[in-house]
Amino acid sequence: MQPYTSNRLLRRALLRAGIAPRRAMRLQREWDEHAEDLAAQLRASGHPEDVAAAQARSSVGEWQQLAASVADRDELRAFSRRLPWLAFVLGPVAMLIVLVVTAAFSVAFMAWNFQDAGTPVPDWFAGAQSVLFWTVRSFVPLVLAAAIALIAARRFSPPFFPLLGMLIVLLLGAALGLSAELDRLTAMGSVAVSLSFLPPYPDVWGFFARLAFGVCVVVVPYLAWRAGVSAQA
Amino acid sequence: MGQSNPPFMSGVPELLCLQVIAQGETYGYDIVRRIRLLTGEAIVLGEGVVYPVLHSLERAGRLKARRRTVDGRSRVYYRLTAGGRKRAEALNERWQRVRAGMDMALSGGGDAALYVE
């Protein structure tokens, strides 16, 4: 008899009901342990092993009954199901903004330090700053969007908020421009943050290319996965 | 195995679970068994249905859960928190009032009230 822990349909039903994956796994394991206890008691009272196991399973319930016993409990729903707009949209967008601001201020802060010390900007600084800005512009939005897709897929979340979150993060990431101009000797200069969809529309074609890349790498696989799951169901 | 109780029992599983766990740290199977014994099989919680109740109580901070291995068997054990103890007392008090009211109504003792108005 298949244990509840490896029952894919039960797991999927629990996740679809909004139960967090870890809690779903714990529930499944506790149901298995309960059935084992019950079977042990039945064996002790003289039932043959297979009869005891079957009777224990039928007492604990079919996977549909167990899933239904959890489905109407709002308090067991994961955070991402109770507040999907926060988990999939506002949270990742806020995280992206915080990282952009942190990167810009980090560069400015280091430049101020060189000014205070009266030393010229070292050669490695331009490289480090480029890597930092490239990471924040190109890598972070993709990682955030991929994280949204993975969490949404793992939890069988309804697609609206995850898709909205992915698109906003990819759009902002693609539009984002981060640059610094520093005089090597005086460490004077400026750090600029720009968005391609705002005047004077810098690098607008690059914006479309980055957006298309992000959509192909994250959104399309997510939609394909969803289509596969729907077809299976 | 007895028949599980119908939906009008809503709220009772919580009280019974808290009452059983108040007697000491225990696990799901033992809770179901003890409820059956304590109520003389008048109340039989669905074998699998007790776990969502326990998880809800844990989520509300009324129970603490930890995995323990006893006699070679690993299970999740539940114990009451201070909040759980308060909740058990409050539910118990409420239930006593309901019971007293039902007793009065069923024994006809409340008939006088019908004529006062």
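What you see below is based on every heavy atom in this structure, not just the backbone, and it leaves out hydrogens, waters and symmetry mates. Throughout, protein chains are lettered first and strands after them, A, B, ... in sequence-line order, and every chain is numbered starting at 1. A quick note: this is a predicted structure, and the numbers were derived from the prediction, not measured.
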| message | For a quick check under 3.5 Å, do B:H55 and A:E75 share a side-chain donor-acceptor pair by atom type? | response |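 Short answer, no.
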Does the pair [X]/[Y] count as a salt bridge with the N-to-O cut at 4.0 Å?
{"X": "B:R33", "Y": "A:D37", "result": "no"}
{"X": "B:R73", "Y": "A:E33", "result": "no"}
{"X": "A:R26", "Y": "B:E58", "result": "yes"}

More than 12 heavy atoms of other residues, nucleotides or ligands under 6.0 Å from [atom1] of [X]: is that the case?
{"X": "B:E93", "atom1": "CD", "result": "no"}
{"X": "A:R154", "atom1": "CZ", "result": "no"}
{"X": "B:Q23", "atom1": "CD", "result": "yes"}
{"X": "A:F105", "atom1": "CZ", "result": "no"}
{"X": "A:Q64", "atom1": "CD", "result": "yes"}

| message | With chain A as the partner, which of B:G28, B:A60, B:S56 has the greatest number of non-hydrogen pairs under 4.5 Å? | response |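 Top option by heavy-atom pairs under 4.5 Å: B:S56.
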| query | What about A:H34 and B:Y27, are their ring centers closer than 6.0 Å? | reply |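 A:H34 vs B:Y27: aromatic centres not under 6.0 Å.
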| CZ/B:R59 to CG/A:L76 distance, rounded to the nearest 0.5 angstrom? |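 So the gap between those two atoms works out to 7.5 Å.
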| message | Nearest 0.5 Å, please: how far is OG in B:S74 from CD in A:E36? | response |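 Those atoms lie 9.5 Å apart.
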| request: Could you check if a side-chain atom of A:R73 sits within less than 4.5 angstrom of a side-chain atom of B:V53, using non-hydrogen atoms only? | output: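 Counting from C-beta outward, A:R73 and B:V53 do come under 4.5 Å.
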